[in-house]
Peer 1: 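Below are the C-alpha cells for one structure; questions will follow.
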Amino acid sequence: MNLSLLKRGARATVETVDSSHASDAIAQRLREIGFVSGEQVSVLAFGPLGADTIAVQIGFTRFALRRSEAARVRVSLQSA
Amino acid sequence: MNSAVSSTLPAPLHIALVGNPNCGKTALFNRLTGSRQKVANYAGVTVERKEGALQLASGRLVRVLDLPGAYSLNATSPDEAITRDVCLGQRAGEQRPDLLVCVVDATNLRLHLRFVLELAQLGLPMLVSLNMMDSAARRGIRIDREQLQSRLGMPVIETIAIRKDGAQSLLTALEGQTVTPPPALAPEADLHAAVRDLLAATVSVPRRTAEIDDALDRWVLHPVVGMLILASVMFLMFQAVFSWAGPFQDAIETGIGATGGFISEHLPDGMLRSLLVDGIIAGTGSVLVFLPQILLLFLFILCLEESGYLPRAAFLLDRAMLASGLSGRAFIPLLSSFACAIPGIMATRSIQHPRDRLLTIMVAPLMTCSARLPVYALLIGAFVPERTVLGYVGLQGLVLFGLYLLGILTALIVAWIVKRFGSGHTEAALLMELPSWRLPNPRDIFIGLVERASIFIKRVGGIILALSILLWFLASFPAPPADWHGTAIEYSYAGHIGRAMQVFFAPIGFNWQICVALIPGLAAREVAVSGLATVYAIGGGQDAAASQLAPLIAAQWSLGTGLALLAWYIYAPQCLSTLAVIRRETGSWRMVGISLVYLFALAWIAAFIAFHIGGLLS
C-alpha cells in the first residue's frame, strides 16, 4: 500500500520511502520532513481536477504533495 | 552610544537566526531589530539577505543575520544553500556566526527539532528559541524546558515574537553568556529517532493538530468550496484596491493640486514655473496618487502571506497550473508579481526545477504589477463609466479584474505553448508545507508596508522625477519660431520623436502624445501616466494638472485608443528593471531577448484588436 492510494480521512503508519532512482532528491526530502518508519500519516484533502494533489498530516505538520510524490511513501493502514 | 564607552565594550556579537520555514523567524527578527534592518541580496545570487542590529542592556552590539528558512542542511534550493554555506562558514564574504539562534515553532517540534539536531552537528555554539509559546499554551502543549535544555545540552529559551516583550528572555540569554557548542550526535545517528525520544521525555501534546486548522482546512482545501473561496478572495482584493483607495487618493490629489496652484500663483510665468508645475509636479504627482492603491494591494498580499493562505491556494491550483506547464509552486512567485515582477521573479528561486523556474520567470511579467495600476486606473477612470452592474459590483472594478484575468489567461496559454514545443519533461516536486493558520501580526504587516511605501516613494523621487524632468525638457525645447502656427510641443524634440514613432503605432490607434509617453514608460511603467500628464500640461496650456488628465484624455481620445492603450499595458514591454532581473536570474541574454520580443508582439496584437473593437463599440 502506498500513500497515494489512501482515501480522504484515512490514517496510516509510514513504513518507508522508496527512492525512484539512485539519487532521488524528492525521496530524500520526504524522509527529512518526517516520512520515516512508524510515523502516523493522515489524508486531509484532495485537490480539484482529478485529485492530483494530496494534503496530508505527518507529525504535527501538514504538507501538500503530488500523487507521484505520495506514491513513494509506503504505508500500512491503521484499523480504526 | 558614545565612542568612549563603546571602545571598552566587547566586540559585536554575530548571531544568525536559523530555522525551518514558518517557525516565526522573521517575526522574531523584526522584534529584535525593529526598524534597524538592512535588506540586500547575497552577492551573486538573488537570495535576500536581511541583517539588523540591536544593543544589549550592557551596551554590547549584536549583529543579527536572518538566514533563509531551511528544512535541512542538505539543500535543495538556492535559499537553503545560503543557509547551509553560512552555517558551515563556507560563504565567501560572510562571517561565520558566533552563535546560531535556532528558532523552532513550539507547536511544530516534531519537524523542527530534527533540524536543531542536524545543526548541532556543526560544532557552533547554539541556542534554541522556543517560539510561538503562546499558541503552544493555547493548544495545551506543555514543554519541559529545563529537561529539553539538559537533553539537548544547549540553552533553551521561550519567546513570543509577536508580543512586545516576547524576546526579552533571548536578550537576557545573549547577555554576557558564553555558550559552548552543544554535544553532537554521531554523524550517522538517526535524528528522527532522537527527536522522538526527546518529545517523549519533554513534551505533552493533547492533540496533534490545532482545532482551528482542522476547521478551516476542511473548507479551504475543499475541491469545490475551496476554489470558490479562492475566487472570492482574489475578487475582493481587486475590488478593494479600486474602491477603498478613493478617499485617500482624493486627498493626495487635492494636495498636489494645491501645491501646483500655490507655485503658479507665486512664481512669475517662465521656464522655472513651467519646469516645476508641468514637469515635476504634474509628473511625480500623477504617480504619487496611486500610492494608496499600491499599499492596499500589498496589504492584501502581506496578509495572505502571513496567514498561511498562499500555500493552500497553491495546493488548489497545482493541477490547473500543471496542465499549462507551470506548477503550484509558481503560484506564490506569480502572486507576488502582481505587486511587482521583480520580487516575483526573485521568488521563483523556491522552484527547484530549472525548466519550471525559467517558464515562471518568462510569464511573471504578464501578471499585472502595481506599476501598471496607475495606467489602468487612469484609463479606466477616463473611459469606463462609473456605475454598478448586478446591483453591487462596480463596473470599473470589474474591468480592472478583467484586465488582471487577461494577463493570467495569457500566461497560462504562453506556458502551455512553451511546454508543448519545449524539451521533454522531468519530474519536479510540489512538496510544500501547509503551515498552521495564523492571524497576521499588525506590526509585521506594518513593517512590510513601510518597506514597500518607501521603495515606491524613492522611485517617485528618483527615476520618476528624473524622467519627468527629461520629458519636460524634450517637450519644451527647442522653442518654436515666431511664425510657427501649431502648438509649441509639436515643434519640440518630443513632438518629433512622437511623430516618428507613429509609423509603428498609428495602426493601433496611438496618437503622438501617447508615443512620447511610452518611452519613459519603458523605464518604469507608471511614468507613462506622468509622461502623459507632462505632455498634456505643456501642450494644453496652464491648467492641465495631473488631476485633470482623465477628463482631458476622455475628451480627446477615441474609445478605441483608450482600450488599445489598456490592452497594450496588459502585455506592456516590461520595465527595464524587470529585464535586468531576468538577465541576472537566468544569466542569459537570450531569455531577455525572447521575453522582450514576445511581449512586444503580444502587446501590439492585443492593442490592434482592442482598437478595432473600440471602434465598433463607439
Side-chain angles (χ1 to χ4, degrees), chain A residues 3-4 7-73 78, chain B residues 20 22 71-74 76 105 107-112 114-115 118 139 141 190-193 195-196 199 205 207-210 213-214 217-224 226-227 230 308 311-312 314-320 322-323 327-329 352 427-436:
Chain A
L3 182 55
S4 66
K7 291 194 173 62
R8 197 169 101 95
R11 291 161 180 278
T13 308
V14 176
E15 288 178 350
T16 183
V17 176
D18 296 320
S19 299
S20 70
H21 51 273
S23 56
D24 185 351
I26 294 175
Q28 162 92 6
R29 185 39 62 96
L30 283 168
R31 291 182 202 111
E32 283 167 355
I33 60 178
F35 289 89
V36 289
S37 170
E39 284 297 322
Q40 282 186 36
V41 58
S42 52
V43 176
L44 302 171
F46 292 105
L49 303 170
D52 188 55
T53 41
I54 309 175
V56 298
Q57 169 102 26
I58 178 102
F60 305 151
T61 323
R62 302 184 160 188
F63 284 98
L65 305 176
R66 289 211 187 107
R67 213 166 259 282
S68 60
E69 289 153 26
R72 290 171 164 85
V73 181
Q78 278 170 9
Chain B
N20 281 269
N22 310 306
Y71 288 105
S72 129
L73 288 174
N74 179 15
T76 58
D105 174 353
T107 66
N108 204 353
L109 290 174
R110 174 67 187 85
L111 180 66
H112 292 188
R114 194 206 72 87
F115 192 36
E118 190 180 354
R139 281 176 51 184
I141 297 175
D190 181 351
L191 299 183
H192 283 295
V195 170
R196 269 184 219 152
L199 289 180
V205 182
R207 224 170 160 267
R208 225 156 54 112
T209 58
D213 289 354
D214 293 341
D217 281 346
R218 177 187 310 264
W219 299 113
V220 170
L221 298 180
H222 189 277
V224 179
M227 287 305 272
L230 178 63
R312 288 170 166 87
F315 164 81
L316 289 173
L317 291 175
D318 184 66
R319 186 70 193 88
L322 204 60
S327 94
R329 271 189 181 265
Q352 287 106 340
E427 190 181 7
L430 176 66
L431 205 65
M432 204 167 37
E433 186 177 345
L434 304 173
S436 274

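This one's a predicted model, so the numbers in the text were calculated from it and none came from an experiment. Just so it is clear, the values below take in all heavy atoms, side chains as well, and ignore hydrogens, waters and symmetry mates. Order of the sequence lines fixes the chain letters, A, B, ..., with proteins taken first and strands second; residue numbering starts at 1 for each chain.
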Peer 1: At their closest point, which heavy atom of A/Val36 faces which heavy atom of B/Arg196, and how far apart are they?
Peer 2: CG2-NH2, 3.3 Å

Peer 1: Non-hydrogen atoms of chain A under 4.5 Å away: do they reach the side chain of B/Ala314, the backbone, both or neither?
Peer 2: neither

Peer 1: Once you round to the nearest 0.5 Å, how far does CD of A/Glu32 lie from OG1 of B/Thr76?
Peer 2: 8.0 Å

Peer 1: With a 3.5 Å distance limit and no angle check, can you tell me whether B/Arg114 reaches the backbone of A/Ile33 through a side-chain donor-acceptor pair?
Peer 2: no

Peer 1: At a 4.5 Å cut-off on heavy atoms, which part of B/Ser436 comes close to chain A: side chain, backbone, both, or neither?
Peer 2: neither

Peer 1: Does B/Arg207 CZ have over 12 foreign heavy atoms under 6.0 Å away?
Peer 2: yes

Peer 1: With no hydrogens and no angle check, is any side-chain donor or acceptor of A/Glu69 less than 3.5 Å from a backbone partner on B/Leu431?
Peer 2: yes

Peer 1: Do you know which of B/Asn20, B/Asp213, B/Leu199 has the most heavy-atom pairs with chain A at a distance under 4.5 angstrom?
Peer 2: B/Asp213

Peer 1: Please determine, among A/Leu30, A/Leu44, A/Ile54, the option with the most heavy-atom pairs under 4.5 Å with chain B.
Peer 2: A/Ile54

Peer 1: Tell me which pairs pass salt bridge (Lys or Arg N to Asp or Glu O under 4.0 Å) where either residue lies in residues 53-65 of chain A, with sequence neighbours left out.
Peer 2: A/Arg62-B/Asp214, A/Arg62-B/Asp217

Peer 1: Counting only non-hydrogen atoms closer than 4.5 Å, does B/Val205 touch chain A with its backbone (N, CA, C, O), its side chain (CB onward), both, or neither?
Peer 2: side chain

Peer 1: Ignoring hydrogens and geometry, is there a side-chain-to-backbone donor-acceptor pair from B/Arg110 to A/Ile58 under 3.5 Å?
Peer 2: no

Peer 1: Verify, without hydrogens or angle tests, whether B/His192 (side chain) and A/Ser37 (backbone) share a donor-acceptor contact under 3.5 angstrom.
Peer 2: no

Peer 1: Please look at A/Gln40 and chain B and tell me whether the side chain, the backbone, both or neither of the residue comes under 4.5 angstrom of a heavy atom of that chain.
Peer 2: both

Peer 1: For residues A/Thr53 and B/Phe315, report the shortest heavy-atom separation together with the two atoms involved.
Peer 2: OG1-O, 3.3 Å

Peer 1: With chain B, which of A/Gly38, A/Ala45, A/Ala70, A/Ala25 has the greatest number of heavy-atom pairs at distances under 4.5 Å?
Peer 2: A/Ala45

Peer 1: Might you work through the side chain to side chain contact (heavy atoms under 4.5 Å, CB included) test for B/Leu111 and A/Phe63, ending with a clear yes or no?
Peer 2: CA-CA 12 Å; B/Leu111 180 66; A/Phe63 284 98; 4.1 Å; yes

